[in-house]
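To start, the structure under review is shown below, and the notes come after it.
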Protein chains: 2
Amino acid sequence: MEKETAEILRKNHLSITDSRIKILELFKRKGNALAHADIEKQTHDLFDRVTIYRTLQTFAEKGIIHSIPTADNSVLYALCKDECSEGKHADNHVHFICDICETTYCLDHIMIPELQMPAGFKMKQAGLIVEGICKNCSAKK
Amino acid sequence: MEKETAEILRKNHLSITDSRIKILELFKRKGNALAHADIEKQTHDLFDRVTIYRTLQTFAEKGIIHSIPTADNSVLYALCKDECSEGKHADNHVHFICDICETTYCLDHIMIPELQMPAGFKMKQAGLIVEGICKNCSAKK
DNA sequence: AAATCTTTGCAACAAAGTTGCAAAATATAA
DNA sequence: TTATATTTTGCAACTTTGTTGCAAAGATTT
Ligand SMILES: [Mn+2]
Ligand SMILES: [Mn+2]
Ligand SMILES: [Zn+2]
Ligand SMILES: [Zn+2]
């Protein structure tokens with residue numbers, strides 16, 4: 001597990017450091033999207049705030065994680081699929097935020113549908129974010 | 001024009017003040033989405049930062065403007081259509097951000113398509129934001 | 001016009017994010 | 001392995017963005 005994680009860093013020409021390993025494994029373990037604050041808490045202040053900012057930025061540039069637009073304008077990040085690489089993100093899937101537990105999910109298998117643009121507008125990318133009640137929270141009542 | 005604007009405030013049970021009139025007319029004049037900073041500049045520091053925050057919040061609550069999710073997590077606002085009212089936003093249209101001029105448009109006539117959710121996930125609302133090149137910028141080259 | 005209720009600006013604060021730089025850690029070369 | 005070069009980290013200082021309490025100014029109602 002730890003080896004796999006190091007391998008991802010190596011592939012991306014990043015030096016293997018404690019913070020990068022720990023933060024990357026946190027993403028793998030949690031599975032869902034994380035905010036800067038989440039990471040700070042979950043790593044028990046093992047790393048400086050600044051280091052976390054810089055790590056997230058680096059991961060995003062390399063295509064290891066992608067950022068997720070939210071309505072309440074908090075920045076969230078989640079692991080990218082393998083197709084993403086340096087500068088080229090291919091995370092054109094739908095994101096889901098739960099009203100109740102506030103968890104944000106990558107719905108990796110739900111793609112953003114084709115869209116007709118008005119004349120003159122050229123679409124390059126799109127982000128679709130759904131808000132509602134998640135599987136867990138639906139079950140709980 | 002000024003009268004119309006005051007009428008909107010009156011309809012929403014808001015007292016008619018200088019800042020509210022000026023900010024609302026700015027939205028009408030510009031037509032596209034505005035950030036807090038835009039408003040600060042365009043009103044030439046006529047109003048306090050705090051007043052602008054509070055005005056935007058009030059307008060959003062009343063359904064006069066709606067906020068727009070963005071990838072770079074800046075908060076943007078744009079005028080709502082008439083169907084929106086206190087607490088009930090009906091702005092389920094697509095938003096477009098131009099890569100070049102950075103203008104954000106409400107594509108009022110492009111609705112968010114129906115979506116199949118995974119089992120257990122209940123959709124309540126959705127936001128779709130498209131990034132690309134706008135009409136103006138396409139023409140300019 | 002006076003009384004009442006609402007909004008504004010200011011000050012102080014809190015949270016979020018950025019930058020420069022020396023020390024520590026990692027990678028590379030010998 | 002050890003020495004050297006490169007990269008990353010933590011700290012401090014700072015900026016930018018957003019929030020809150022409160023007295024003064026402004027709007028509305030009587
Ligand atoms: Mn995702
Ligand atoms: Mn809109
Ligand atoms: Zn939930
Ligand atoms: Zn443009």
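Any value given below was found using the heavy atoms of this structure, including those in side chains, with hydrogens, waters and symmetry copies removed. Everything numeric in this text was worked out from a predicted model, so none of it was measured.
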Taking the side chain as everything from C-beta on, heavy atoms only, tell me whether [X] gets closer than 4.5 Å to [Y].
X        : Y        : value
A/His66  : A/Cys106 : yes
B/Ile8   : B/Leu24  : yes
B/Met111 : B/Asn92  : yes
B/Ile39  : B/Phe27  : yes
B/Asn12  : B/Phe59  : no

Rounded off to whole Å, could you give me the [atom1]-to-[atom2] distance for the [X] and [N] pair?
X       : N      : atom1 : atom2 : value
B/Tyr77 : D/dT17 : OH    : P     : 14 Å
A/Tyr53 : D/dA12 : OH    : P     : 17 Å
B/Ile52 : D/dT16 : CD1   : P     : 16 Å

*When all nucleic acid strands are considered with a 4.0 Å heavy-atom cut-off, which category describes B/Arg54: base, sugar-phosphate, or nothing?*
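Base contact.
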*Is the CD atom of B/Gln42 crowded by more than 12 outside heavy atoms at less than 6.0 Å?*
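Buried by this count: over 12 neighbours within 6.0 Å.
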*Between A/Ile133 and A/Ser138, which heavy-atom pair has the shortest distance, and what is it?*
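Taking every non-hydrogen atom into account, CG2-OG, 3.5 Å.
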*Judged by atom type as modelled, is there a donor-acceptor pair below 3.5 Å linking the side chain of B/Arg20 to the main-chain atoms of B/Ser15?*
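Here the side-chain-to-backbone pair exists.
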*Is there a donor-acceptor contact under 3.5 Å from the side chain of B/Thr51 to the main chain of B/Phe47?*
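Not at all, since once roles are kept as given, no pair shorter than 3.5 Å links the two residues.
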List every contact pair, protein side and nucleotides 23-30 of chain D side both N or O, where the distance is under 3.5 Å.
residue: D/dT28; atom: OP1; partner: B/Ile16; partner atom: N; Å: 2.9

_5' priority, DNA chain C, between B/Arg20 and A/Gln57 [closest heavy atom]_ =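 So the residue in question is B/Arg20.
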*asked:* Between B/Glu7 and B/Arg10, does any NZ, NE, NH1 or NH2 come within less than 4.0 Å of an OD or OE carboxylate oxygen?
replied: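 A salt bridge is present here (some side-chain N lies under 4.0 Å from a carboxylate O).
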*asked:* Which residues end up grouped with A/Val94 if you chain together Ile, Leu, Val, Met, Phe, Trp and Tyr wherever their side-chain heavy atoms are less than 4.5 Å apart?
replied: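 Members other than A/Val94 - counting any ILVMFWY side chain reachable under 4.5 Å - are A/Phe96, A/Tyr105, A/Leu107, A/Ile110, A/Ile112, A/Leu115, A/Met117, A/Phe121, A/Met123, A/Leu128, A/Val130, B/Val94, B/Phe96, B/Tyr105, B/Leu107, B/Ile110, B/Ile112, B/Leu115, B/Met117, B/Phe121, B/Met123, B/Leu128, B/Val130.
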_Under 4.5 Å side-chain heavy-atom separation, chaining through any Ile, Leu, Val, Met, Phe, Trp or Tyr, what else clusters with A/Ile97? Say none if it is isolated._
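Taking Ile, Leu, Val, Met, Phe, Trp and Tyr as members, A/Ile97 shares its hydrophobic cluster with A/Ile129.
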*Same hydrophobic cluster for A/Ile52 and A/Leu14, using side-chain heavy-atom links shorter than 4.5 Å among ILVMFWY?*
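Yes; tracing contacts between hydrophobic side chains, which count when under 4.5 Å, links both residues.
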*Quick one: how far along DNA chain C does chain B reach, first to last nucleotide 5' to 3', anything under 4.0 Å to a heavy atom?*
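Boundary nucleotides touching chain B, in 5' to 3' order, are C/dT6 to C/dA11.
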*Rounding to 10 degrees, work out the angle separating the end axes of the helix from C/dA1-D/dT30 to C/dA30-D/dT1 (five pairs an end).*
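Taking the rotation axis at each end, their angle is 40°.
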*Neighbours of DNA chain C within residues 35-51 of chain A, by heavy-atom distance under 4.0 Å*: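 Heavy-atom cutoff 4.0 Å gives A/Arg49, A/Val50.
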